[in-house]
Amino acid sequence: MKSDFGFGRRPAARSAPCFATLLVGVLALALARAVEGAGAETPAKGTVLTTPVVVVSETGERQTAEQGLFFVPENRSADTSKTIAIHFMRFGAEQAVAARAPVFLLAGGPGSVYDFTEAKDFEIAKRLRRTRDVVYVGQRGNPREPGLTPSLYLEIDGAPLDRPTEFNAGVQRLRAALTTAQERWLAAGVDLAGYDIMNISSDLYELREALGYPKIALRGCSFGSQWSMTYMKRFPETVDRALLSGVEPLDFAYDSPAGLWAGMSRLAELSERNAQLASSIPEGGLMAALTTVVERLEQAPVSVPLPGPDGQELIVVVGVEDLRDALTYSFGDTRWERHENWPRFILEMHAGDFRYLAALALRARSNVRRTTLIGLLIDNSLGISRRRDAQLLAEAETRWLGDINAYYRETRDLTATTPVDESFLSDFRVDYPVLLVNGDIDWSTPLENAQHALGFLDRGHLVTVRGAGHCPLANELRDHRPEVMEQIYRFFEADFSEDDGFFDGLPDEVDLPAYDFATLEGPSLYEQAVARFMSR
């Protein structure tokens, strides 16, 4: 879900790599020496600067790589464009196999990063580099990346506590934040029109060429999959294969309310089959309970007393837009834990306890929210076809979920980037191997996205992970079915030169262990959240 009106429906982009400051210093020194040797001129477009680096994971494991800057035009459609430098890392193959294309590893967002000191990201690089080089490419303008591009961000004001979040007021705050941010960066000399889907995909093409690779293999999740698909459509002759999860076809940047509702319904069905929780679910089921809560909040907001930071009581008024903003964010440190608590989140509100929702609203409204500007610049440059836009607006589930794509619809007339022609968004035939992996309770890129994409892949396969959410390869499969994760990653060792037998050995569906859903016994979600906060 993609709204930034309250505390936000967009998944939060991960923080910048903790080693980034040191690496920026190393790269800045290399750049200074290069500029000094060139008579104080900016390195030419296409220049690559690299330096060795040792990446140390949070568990102390080490692997070597090289850190680099690649100099590219800020806006390839402007003849007088200045030069910027995007960040990349290259992990050399442990056992190089001749003629094997490197894996280009692409983050999501836009605005997310890979932090290779984090265990699961460290493991991804380690696994992929067994027989292929791995090249991680940063996103231009991403404030969470080192490099020599502007750190594009916007700041969205908070909101009052004495009335519920209102759709129109949220739109005004978002549009004001976007206008202010763009004016600031344009005044600083940044050509914001260059931070679009075409330039970011051309970055991959030109870096591939500069590093001497005839073809590349693509690995991306969420926006990383859409970034990959953009590249696949523009430069098919340079693609060896692609492994995509959290799948977003080109015309699927906007989410489907029906797809999101279906994903929630699947989790609801799992909870209703849980013996310990089933007796607490009202007649009609969990999704009917959710619609009842929506109707209650539409009819009358709820005033919730909460303790303030100075010990004085605060009254936080919550309404239906607060619920819609918070609907995919129940209590927990991990997504697995949040899924286990999600039915209780609905049931507590159904029983009249809105304290956890009010706590989320308090956090959202009390602070200015800083987020990446490239999320809007890049996504709005891809946009949506008029046909699909009308189709999504007509989906019946909008009645309960609201306009989950307002983040885009209400800003697309303001963003400095130019949308692609609608013809670019159409499906396209792909004749090289593509493996898709998607969770069936993915609330960011619903399973139906991947099922649609499978239809235009001549040599494609979809693995559906039952009970999994967004980007399951790095999450649920890693944690609960590592043998399946390893089987899927063998895709990069498979020989497709004669046949596609590798896909025959892959499952169509994978089941995860059963969720241990939270019951209504013991401390409430609000009380648990307070206790956890106080212990930190």
Side-chain angles (χ1 to χ4, degrees), residues 1-15 108-109 111-112 156 158-159 164-165 167 170 174 222 246 255 257 259-261 263-268 271 286-287 289-290 293-294 297 302 304 306 316 318-350 353-367 369-371 375 400-407 439 441-446 468-472 475-476 515 517-518 524-533 536:
M1 301 176 72
K2 300 179 177 107
S3 163
D4 265 333
F5 297 164
F7 91 115
R9 295 172 184 165
R10 285 185 67 82
R14 302 222 303 258
S15 60
S112 293
I156 304 171
T165 294
F167 181 85
L174 176 60
S222 194
D255 291 336
L260 174 58
W261 192 261
M264 291 180 172
S265 298
R266 294 182 188 110
L267 185 61
S271 70
L286 190 66
M287 298 305 285
L290 173 57
V293 174
V294 170
L297 290 174
V302 176
V304 184
L306 295 178
V316 180
V318 293
V320 68
E321 292 302 329
D322 295 293
L323 172 62
R324 287 166 174 158
D325 274 348
L327 197 51
T328 59
Y329 194 83
S330 56
F331 173 72
D333 284 336
T334 67
R335 187 169 66 211
W336 189 265
E337 187 179 6
R338 291 193 291 272
H339 282 167
E340 289 183 326
N341 283 317
W342 189 75
R344 182 173 185 173
F345 180 38
I346 305 303
L347 293 173
E348 285 184 349
M349 291 185 291
H350 188 265
D353 185 353
F354 288 89
R355 288 177 297 168
Y356 186 64
L357 177 62
L360 293 176
L362 173 62
R363 184 184 68 178
R365 297 189 216 158
S366 300
N367 302 296
R369 183 170 185 267
R370 175 175 282 198
T371 188
W400 309 111
L401 296 173
D403 184 359
I404 64 176
N405 297 299
Y407 183 69
I441 53 174
D442 186 336
W443 296 346
S444 296
T445 52
H470 195 48
C471 299
N475 294 285
E476 290 92 345
Y515 282 105
F517 288 104
S524 68
L525 294 182
Y526 171 74
E527 291 164 340
Q528 292 179 54
V530 169
R532 188 170 296 187
F533 174 79
R536 291 175 174 173

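When side chains are defined from C-beta on, R344 counts as touching S524, because their heavy atoms get closer than 4.5 Å. Looking at L362 and L306, their side chains come closer than 4.5 Å, going by heavy atoms from C-beta outward. No side-chain heavy atom of E527 sits less than 4.5 Å from a side-chain heavy atom of R532. Counting heavy atoms from C-beta on, the side chains of Y407 and N405 never come closer than 4.5 Å. Annotation: side chain of L286 is not in contact with side chain of H350 (no heavy-atom distance under 4.5 Å). The side-chain heavy atoms of Y515 and N341, taken from C-beta on, include no pair separated by under 4.5 Å. Two residues are said to be in side-chain contact when any heavy atoms from C-beta on lie closer than 4.5 Å; L327 and M264 meet this criterion.
Remark: the D322 side chain and the T165 side chain contain an N/O donor-acceptor pair separated by less than 3.5 Å.
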Worked check of side chain to side chain contact (heavy atoms under 4.5 Å, CB included) between V318 and V304:
CA-CA 8 Å; V318 293; V304 184; 4.3 Å; yes
List the steps, then state whether side chain to side chain contact (heavy atoms under 4.5 Å, CB included) holds for L290 with W261.
CA-CA 11 Å; L290 173 57; W261 192 261; 3.9 Å; yes
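Aromatic ring centres of F345 and F331: separated by at least 6.0 Å. Outside the 6.0 Å centre-distance limit, the rings of F517 and W342 are not counted as a close aromatic pair.
Considering CZ of R335 and NE2 of H470, their distance stands at 7.5 Å, rounded to 0.5 Å. Here the CD1-CG distance, from I441 to L267, works out to 4.5 Å after rounding to the nearest 0.5 Å. Atom SG of C471 is separated from atom CG of D442 by 7.0 Å, given to the nearest 0.5 angstrom. Once rounded to the nearest 0.5 Å, the distance linking CG of L525 with CG of L357 reads 11.5 Å.
Distance alone, capped at 3.5 Å, is enough to place a donor-acceptor pair between the S271 side chain and the A268 backbone. Side-chain N or O atoms of D353 include one that pairs as donor or acceptor with a backbone N or O of R355 at under 3.5 Å. Between the side chain of E348 and the backbone N or O of F354 there is no donor-acceptor pair closer than 3.5 Å. Using a distance-only test at 3.5 Å, with no hydrogens or angles considered, a donor-acceptor pair links the side chain of R324 to the main chain of W400.
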